[in-house]
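Everything on this sheet refers to the single structure shown next.
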Amino acid sequence: MNILVTGGAGFIGSHVVRLLVNKYPEHTIVNFDKLTYAGNLSNLKDVADKSNYKFVKGDICSADDVNNAFTKYKITDVIHLAAESHVDRSIEGPMEFAMTNVIGTLNLLNVAKKHWDLNEKHTFHHVSTDEVYGSLGEEGLFMETTPYDPRSPYSASKASSDHFVSAFFHTYNFPVKMSNCSNNYGSHHFPEKLIPLMIQNIINMKSLPVYGKGENIRDWLWVEDHARAIETIFFNGRYGESYNVGGLNEWKNIDLIHFLCNLMDKKLNREPGVSASLITYVKDRSGHDMRYAIDATKLESELGWNPSITFEEGLEKTVDWYLENEDWVKEVTSGDYQKYYDSMYSNR
Ligand code: NAD
Ligand code: TYD
């Protein structure tokens, strides 16, 4: 197989590429990425020299870029992760999200359809989010059958891309598989998202901005478990189906932040309570979804996937990785990022 992984230089994509390159030397893994602020080739230093790894700098919105990659590497399969992924940025600038997430996905589908003989075996795996289902109250979990109800520009763009993927299956019998995952955490996570941002700010004794009352709930999954789920669904999932991915690990934001502060006080040899003293309640995110929680029974019972580690283990590994990789943080936040973050934060 010659597998095109879009967004392979990003957070989750780099874990997917690493897993596939190391585990499947018989397949060629082509990382196709535009290298936006969120994409960094340093995420993949450890596999860059492997003979079954290739990199193409390209834009999923460009038919030429995608066509050229398909032709050059005789692409047989796609795992599509490239996206604009941060809800706060989607509130500031929704157009970019529609372009990349909707038009980019449609362009990829179109080009793949042109290149593939559908009598042969191909797979187009579209990676999506549980945020397409909207916001839960205190009870219940998102199922694959939960109606879509996206509420942020980010989730609206992902929902739209999911609908195009599913339309290709129904209209053209195009070989798609889909997954919708809960919030990921782990190494190489760009430090604008909650967990890596809090880790950085704790290290640097900067304030920890908690949106609203901190009572919103997210369901956290170790990124390497998500990468294994994608591998499982890509190879063994049924065509035309979507699979929810999650580890039954719900945390109220404020409880998670306190847990992280206690852990980091220990790691940094600080007096208990020093990191938590940085907590600052700030203006809430507009349209802030209250609760996400995933039911992954279908993936577990049909394909035998299970999360491999507890949140406590995963969070400690994550903190250790950030403490050992401060250079990575400096590298990915150089350029305009700090200016952007300061301007976002000064609005709150
Ligand atoms: P990320 O923002 O870390 O990485 C996105 C990658 O896509 C970057 O490498 C970027 O350079 C690339 N990219 C952006 N626009 C592109 C374009 N036009 N052409 C080519 N490449 C482009 O994102 P992530 O957190 O790794 O998420 C990856 C995928 O998983 C996304 O589709 C996201 O919606 C989905 N997802 C994320 C989470 C999560 O918790 N982060 C959870 C569920 C699903
Ligand atoms: P985030 O990591 O942006 O993921 P998502 O919005 O896709 O779930 O945010 C996770 C939760 O943390 C969400 O409820 C918003 C909240 N949050 C804060 O309270 N402060 C912050 O600085 C950030 C980035 C997020």
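Both counts, for ligands and for their atoms, begin at 1 and track the order of listing. Since the model is a prediction, treat every value here as computed from it, not as a measurement.
Applying the 4.0 Å criterion to heavy atoms of Glu131 picks out, from ligand 2, the atoms 5 (P), 7 (O), 8 (O). With ligand atoms numbered from 1 in the order given, ligand 2 contributes 3 (O) to contacts under 4.0 Å with heavy atoms of His86. In the vicinity of Ser182, heavy-atom distances shorter than 4.0 Å reach the ligand 1 atoms 42 (C), 43 (C). Close approach to Leu35 involves these atoms of ligand 1, each under 4.0 Å from a residue heavy atom: 11 (O). Using a 4.0 Å cut-off to heavy atoms of Gly39, the atoms of ligand 1 that qualify are 8 (C), 9 (O), 11 (O). Every atom of ligand 1 is numbered from 1 in the order shown, and the set under 4.0 Å from a heavy atom of Asn183 is 40 (O).
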Show every donor-acceptor pair shorter than 3.5 Å between a side-chain atom in residues 168-178 and any protein atom, with sequence neighbours excluded, or say none if there are none.
from   : atom 1 : to     : atom 2 : distance (Å)
Thr171 : OG1    : Ala167 : O      : 2.7
Lys177 : NZ     : Phe234 : O      : 3.1
Lys177 : NZ     : Gly237 : O      : 2.9

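Counting heavy atoms from C-beta outward, His189 and Val223 have side chains that stay 4.5 Å or more apart.
Any N or O atom pair closer than 3.5 Å counts here, and Asn184 shares at least one such pair with ligand 1. Checked by distance only, ligand 1 and Lys158 come closer than 3.5 Å through their nitrogen or oxygen atoms. For the pair Asp88 and ligand 2, the shortest N or O to N or O distance does not fall below 3.5 Å. For Gly10, a nitrogen or oxygen atom sits less than 3.5 Å from a nitrogen or oxygen atom of ligand 1, counting backbone and side chain alike. Taking distance alone, with nitrogen or oxygen atoms compared against 3.5 Å, Tyr211 approaches ligand 2 more closely than that limit. Residue contacts with ligand 1: Glu84 is placed with no nitrogen or oxygen under 3.5 Å of a nitrogen or oxygen of the ligand (distance criterion only).
The part of Leu197 lying near ligand 2 is the side chain, judged by heavy-atom distances below 4.0 Å. For Leu194, heavy-atom contacts with ligand 2 shorter than 4.0 Å involve the backbone as well as the side chain. Contact annotation for Asn183 and ligand 2: only side-chain heavy atoms (C-beta onward) come within less than 4.0 Å of the ligand. Contact annotation for Phe97 and ligand 1: no heavy atom of the residue comes within less than 4.0 Å of the ligand.
Centroid-to-centroid, the aromatic rings of His115 and Phe70 come within less than 6.0 Å.
Among protein heavy atoms, atom 15 (N) of ligand 1 sits closest to Thr100 CG2, 3.5 Å. In terms of protein heavy atoms, atom 28 (C) of ligand 1 is closest to Leu81 O, 3.5 Å. The protein non-hydrogen atom at the shortest distance from atom 43 (C) of ligand 1 is Cys181 O, 3.3 Å. With hydrogens left out, the protein atom closest to atom 27 (O) of ligand 1 is Ile12 CD1, 3.7 Å, a heavy atom. Of the protein's non-hydrogen atoms, Asp59 OD1, 2.8 Å is the one closest to atom 18 (N) of ligand 1. The nearest heavy-atom contact from the protein to atom 11 (O) of ligand 1 is Asp33 OD1, 2.5 Å.
Each of Asp88, Asp284, Asn253, Asn216 was evaluated against Tyr211; a single residue qualifies, Asp88, per the side chain to side chain donor-acceptor pair (under 3.5 Å) test. When each of Glu250, Glu138, Glu215 is tested with Arg291 by the rule side chain to side chain donor-acceptor pair (under 3.5 Å), just one qualifies, namely Glu250.
Between the side chain of Lys158 and the backbone N or O of Val127 there is at least one donor-acceptor pair closer than 3.5 Å.
Within the set His15, Lys34, Arg89, the minimum heavy-atom distance to atom 20 (C) of ligand 1 is found for Lys34. By heavy-atom distance, the residue among Val223, Ile195, Ile60, Thr36 lying nearest atom 17 (C) of ligand 1 is Ile60. Around atom 14 (C) of ligand 1, the closest heavy atom drawn from Ser85, Ser161, Ala83, Gly7 belongs to Ala83.
Residue Phe97 is found in a hydrophobic cluster whose other members, listed by chain and number, are Val87, Ile91, Tyr154; membership requires side-chain heavy atoms under 4.5 Å apart, directly or through intermediates.
The shell of residues lying under 4.0 angstrom from ligand 1, judged by heavy atoms, includes Ser128. Heavy atoms of Tyr154 come nearer than 4.0 angstrom to ligand 1 in at least one pair. Residue contacts with ligand 1 include Gly58, since one of its heavy atoms falls under 4.0 Å from the ligand.
Taken together through direct or relayed side-chain contacts under 4.5 Å among Ile, Leu, Val, Met, Phe, Trp and Tyr, Tyr185 and Trp328 form part of one hydrophobic cluster.
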